[in-house]
Amino acid sequence: MRRYKKSPTAGPRADCVGEAAVRTDWDMENQRSEKRAEIMAAPALIEARNLRKSFQAGAGVFVETGRRVRAVDDVSLALAPGETLAIVGESGCGKTTLARMLLRLIEPDAGEICFQGRDLLAAGGAELRALRREMQMVFQDPFASLNPRLRVEAIVGEPLEIHEPHLGRAKRRGRVRATLETVGLGADAMQKYPHEFSGGQRQRIGIARALALRPKLVVADEPVSALDVSVGAQILELLQALQREFALTYLLISHSLPVVAQLATRVAVMQAGRFVEVGEADQVLSRPAHPYTQALLAAVPEVPGLALP
Ligand SMILES: Nc1ncnc2c1ncn2[C@@H]1O[C@H](COP(=O)(O)OP(=O)(O)O)[C@@H](O)[C@H]1O
Ligand SMILES: [Mg+2]
């Protein structure tokens with residue numbers, strides 16, 4: 001089984017750029033080994049070491065106070081440029097918490113994150129803003145994640161307004177139009193409001209918003225779980241096409257193995273805040289090593305058009 005290379009020490013920030021993962025014999029034997037080897041040899045786009053986050057339990061009346069939930073418990077990972085790492089696991093296992101830490105939307109209790117060779121957790125001000133624009137998120141719920149009071153032009157243009165204020169209105173409008181086109185929406189979408197679109201179209205708008213700044217890393221947190229299977233499959237195909245077109249690196253979060261099977265190059269299986277198995281997608285999905293992964297796979301219902309390997 002492939003494992004991420006452990007950093008020798010938690011050491012100096014200068015050694016931020018590491019190899020994305022260790023090469024194995026399995027890699028070399030694989031048909032796609034050349035491409036994989038290329039990916040693996042590249043410095044990681046993002047590398048996290050020993051991330052931890054716990055929350056105070058007890059928002060509910062019946063939970064004893066003072067107990068802490070370890071949402072993410074010593075997780076390390078690295079993403080090579082251009083790959084799709086899927087994180088799969090049951091609801092509540094810590095996927096969203098991990099994703100939010102990687103984008104520094106919440107602060108880890110412990111651990112390190114290097115993004116593009118920079119210490120993300122130490123960055124502030126202009127440096128942090130510059131790093132942030134390279135990492136964007138696609139959210140689960142295309143109904144809740146778009147401001148209902150804004151027209152699509154404003155929704156997709158907002159990140160540009162913030163990060164590229166010098167663009168000016170006409171150029172911004174051009175960028176919004178072009179970005180909408182890449183996700184399969186016409187210019188007529190610009191003047192409409194989110195409620196005028198179907199779920200799948202709204203998710204396209206959410207993807208356009210994430211892509212407007214031309215980021216390197218896209219974290220998609222359950223991007224199709226709020227959609228019908230057939231609509232979700234189209235969105236997954238779109239994500240795949242966009243990855244090729246813009247050389248994107250994906251962190252795909254999903255509780256659904258068929259979804260993961262469609263997109264992932266590597267899979268990390270998460271249980272109770274920890275990674276229990278990490279490996280090439282084919283390997284994890286067809287020859288799972290960990291009993292928890294085996295149980296997840298055994299529980300997958302057959303979904304037409306989304307066959308596991
Ligand atoms: N802001 C928060 N406050 C308290 N507990 C939280 C918070 N966010 C997440 N949790 C808890 O952390 C655990 C992991 O949650 P989450 O990361 O949302 O899991 P997943 O995305 O895999 O469903 C859960 O037990 C959840 O209740
Ligand atoms: Mg979640």
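One-based numbering, in listed order, for ligands and for the atoms of each. Remember, predicted model here, so these are calculated numbers, not experimental data. In this chain, numbering begins with 1 at the start of the sequence shown.
Residue Q56 has no nitrogen or oxygen atom sitting less than 3.5 Å from a nitrogen or oxygen atom of ligand 1, judged on distance alone. At under 3.5 Å, a nitrogen or oxygen of G92, whether backbone or side chain, sits near a nitrogen or oxygen of ligand 1. Ligand 1 has no nitrogen or oxygen under 3.5 angstrom from a nitrogen or oxygen of F55.
Taking every non-hydrogen atom of V69 and a distance limit under 4.0 Å, the qualifying atoms of ligand 1 come out as 25 (O). For ligand 1, the atoms closer than 4.0 angstrom to any heavy atom of E90 are 22 (O). Under a 4.0 Å criterion applied to the non-hydrogen atoms of A71, ligand 1 contributes the atoms 12 (O), 13 (C), 14 (C). Per-residue contacts place T97 under 4.0 angstrom from the following atoms of ligand 1 (heavy atoms of the residue considered): 9 (C), 15 (O), 16 (P), 17 (O). For ligand 1 and S91, the ligand atoms under 4.0 Å from any heavy atom of the residue are 23 (O).
When each of T265, I46, V219, T84 is tested with L79 by the rule side-chain contact (heavy atoms from CB on, under 4.5 Å), just one qualifies, namely I46. When each of K171, R133, R172 is checked for a side-chain hydrogen bond (donor to acceptor under 3.5 Å, both in side chains) with E164, only R133 meets the rule.
Using a 4.0 Å cut-off between a side-chain N of Lys or Arg and a carboxylate O of Asp or Glu, R266 and E280 do not qualify as a salt bridge. The pair D73-R274 meets the salt-bridge criterion, since a charged nitrogen lies less than 4.0 angstrom from a carboxylate oxygen.
H255 and E222 are linked by a side-chain donor-acceptor pair at a separation below 3.5 angstrom, with hydrogens and angles left out of the test. One side chain, E90 or Y292, offers a donor N or O that lies under 3.5 Å from an acceptor on the other.
For atom 26 (C) of ligand 1, no protein heavy-atom neighbour is present inside the 4.0 Å cut-off. For atom 8 (N) of ligand 1, the nearest protein heavy atom is under 4.0 Å away.
The Mg ion (ligand 2) has no N, O or S atom of Q140 inside 2.8 Å of it.
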